[in-house]
Each structure stands twice: as structure tokens, then as C-alpha cells.
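To start, the structure itself, in C-alpha cells.
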Amino acid sequence: MLRALRALGLAALLAVVPLAAATPSASADARTAVGGGTGLIFRISPTPEAPTSYQICTLTAVGRDTAGNLVGLTNAHCFIDDKGNKLVGEKVYRDSSPAGTAAAPAPLTDSRPDLEAGVIGTVTYVSTPNNLLNTGPKGLDYAVIKLDESRVAPTATVGGVTISSIGAPPANGVRMCKEGHRTGLTCGIKLGTNGMWFTHLIWTNGGDSGSPVVVGQTLVGNAWGAQHSSPILSIIAEMNANGGVGAGFHLAT
């Protein structure tokens, strides 16, 4: 279906499907709240006002970097096209459709950009994707988004997850949860490690890519599919080594 899906990413694509007119955000606040678990919509064609093709993913977390930029994280494979090009500069919208649950995943055809909020950020960095099922180089599968503070404000709570700290993955057998736009809150135990990643029994589906994985209120990773996640501390260390937007990442709320 998608290059990303072949690499065991969970970005979801909708193509050539008629949609109803976009529904503006109901919030009276001039800025839209975003945080770990917020749905994203991007790669929109032909226009945000009348989309027939787009992709959806989920924010891992929102924080600030050393320079004070408001920064969002999600998966790298969300912003890699079928030719392997990294889509740095891609504009990102909030997905205004309601989040789903494991029993009733959010319909892909309901996703649409929040036109009232407009473009909430721009992709500034795309890491090496996971490439779990192919011979490509293995990576932590994260992307950095510079958020527009005139349009969005950080929130610690989205759906059933609140993020108040950052830490390492727990011991095997410990229960963890994720909050994704497609399937909402789902939980499962940590199974072990696989190279640079950790494995678990948390259910995910297309559109949950980038979902925050938490133990209690501690963010420990970003989910990217096949019951795998990348440790958030490894992602932060790589961002620090790279410099630029995202370096020095810490939670914004």
C-alpha cells in the first residue's frame, strides 16, 4: 500500500475519496491545544479545503528546545514518500476528526484538516525510519515539527493520557499505554527489546504512528507499528547530537 506501511510504519493514507466540507474547531480559544496523542493530517491533495488524498499520524509529544522553539515530535515514516524522499518543509494541520477507540477506530474518511487553526507547523527534520522489514538502515523513526505558537498551545493531556515527565522504558512485563488518533487509548505489557527499539503488546492501527507510549504519566517512547516503539531518551539524545530545531527537547507543560 505505502512505502511506510511496507516498512511497518502505521501512517494512514486516504486517496481519491469524496469528503464533506471541513468542520472548523469548536474551541473559542484563539489557539488550538496540541499534545502527545493529537492527530495530524498532511500531504493533502489537491487542497486543504477540498482534500481527496492525505495522510494521518499522531503527535508523540510537544516540548521546547534550547532555542525556545515550540516543537512537536512524531514518526519519520509519516514524511517519507514512495520514492524514499524525506519531506522536510511539509506543512502540518491538526486532524479535526474525533479520535477513535480500539473497538471503533476513527474512520479514515472522517479525517480532515482543521482549517480554523490552519497550518500548525512545519517539518524541520526526518530521521532514518525503522526499516524493520527491509534491508535499509535502521533508525529511531522520528520527525521534528516546528510548531506555530500563534496557532497552537501545548497541553499535557490528550484523551486518556497525561504526559508530565520523560523516562526510560520499564522492565519487561510492566504495563504501558499509548494514545493514538486512530484507536485512542490501548495498553499492553513490555515484552523486551529488539536492537535500538523496545517491543510490547500495545495495539496500534493506521494513523496511530507517532503515538506516545507512557508508563503512568511518564513518556517512554513513540509507537511506529508491529508492537515496536523507539525510546524517547534515544530520540532526544540523537536530536541533541544533530543540533538545530529540537535539540535540548524538554516538555512544554
Side-chain angles (χ1 to χ4, degrees), residues 5 7-12 33-40 56-63 72-78 95 98-106 129-130 132-133 138-143 154-238 249-253:
L5 291 177
L8 280 188
L10 286 170
V34 296
T38 295
L40 302 175
I56 63 171
C57 283
T58 299
L59 271 175
T60 305
V62 173
L73 303 179
T74 187
N75 279 162
H77 70 258
C78 300
D95 189 337
T101 65
N130 61 82
L132 182 63
L133 289 186
K138 312 305 181 188
L140 292 170
D141 206 337
Y142 70 93
T155 180
T157 302
V158 175
V161 162
T162 297
I163 299 173
S164 61
S165 62
I166 292 173
N172 295 347
V174 172
R175 183 176 182 267
M176 306 183 297
C177 298
K178 78 96 180 67
E179 180 70 35
H181 189 73
R182 179 90 161 129
T183 59
L185 181 70
T186 58
C187 303
I189 63 169
K190 178 172 178 271
L191 293 177
T193 58
N194 180 8
M196 68 184 75
W197 316 302
F198 62 95
T199 59
H200 46 72
L201 292 177
I202 302 172
W203 172 247
T204 56
N205 204 336
D208 288 331
S209 283
S211 296
V213 178
V214 300
V215 179
Q217 294 188 359
T218 300
L219 175 68
V220 299
N222 72 343
W224 47 258
Q227 285 68 58
H228 279 67
S229 295
S230 298
I232 189 64
L233 293 179
S234 298
I235 291 171
I236 291 173
E238 188 168 296
F249 182 90
H250 56 280
L251 295 175
T253 57

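Taking A102 as the reference, T186, W203 meet the side-chain contact (heavy atoms from CB on, under 4.5 Å) condition, with sequence neighbours excluded. Among residues two or more places apart in sequence or in another chain, the side-chain contact (heavy atoms from CB on, under 4.5 Å) test is passed with A156 by T162, T253. T101 is linked by a side-chain hydrogen bond (donor to acceptor under 3.5 Å, both in side chains) to nothing, counting only residues two or more places apart in sequence or in another chain. For S165, the side-chain contact (heavy atoms from CB on, under 4.5 Å) test picks out T218, with sequence neighbours left out. Residues passing the side-chain hydrogen bond (donor to acceptor under 3.5 Å, both in side chains) test with T183 are K178, D208, sequence neighbours excluded. Remark: E238 pairs with Y142 by the side-chain hydrogen bond (donor to acceptor under 3.5 Å, both in side chains) rule, at least two apart or across chains.
Note: N222 CG to D141 CG = 6.5 Å, rounded to the nearest 0.5 Å. Between the CG atom of L219 and the CD1 atom of I235 there is a distance of 8.5 Å, given to the nearest 0.5 Å. From E179, atom CD reaches atom OG1 of T38 across 9.0 Å, with rounding to the nearest 0.5 Å. The structure places NE2 of H181 at 11.5 Å from CG of L59, a figure rounded to the nearest 0.5 Å.
A223 approaches T204 most closely through the heavy-atom pair CB-CG2, 4.3 Å. Residues V34 and V62 come closest through the heavy atom pair O-CG2, 3.8 Å. Contact between C78 and T74 at its shortest, heavy atoms only, is SG-OG1, 4.2 Å. Listed here is the closest heavy atom pair of L251 and A61: CD2-CB, 4.5 Å. Contact detail for V220 and A168: the closest heavy-atom pair is CG1-O, 3.3 Å. The shortest non-hydrogen separation linking G36 to P212 is C-CG, 3.6 Å.
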Under 3.5 Å, which donor-acceptor pairs link side chains of residues 192-201 to any protein atom two or more places apart or in another chain?
unit_1	atom_1	unit_2	atom_2	d
N194	ND2	H228	NE2	3.1
W197	NE1	G139	O	3.0
T199	OG1	G192	N	3.2
T199	OG1	G192	O	3.3
H200	ND1	I202	N	3.3
H200	NE2	S229	OG	2.7

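The closest side-chain heavy-atom distance from I232 to L73 is below 4.5 Å.
Side chain of T58 to backbone of G207: a donor-acceptor contact under 3.5 angstrom is found. Between the side chain of N75 and the backbone N or O of H77, no donor-acceptor pair lies under 3.5 Å.
Listed by first then second residue, pairs satisfying disulfide (SG to SG under 2.5 Å) with a partner in residues 167-205 read C177-C187, not counting sequence neighbours.
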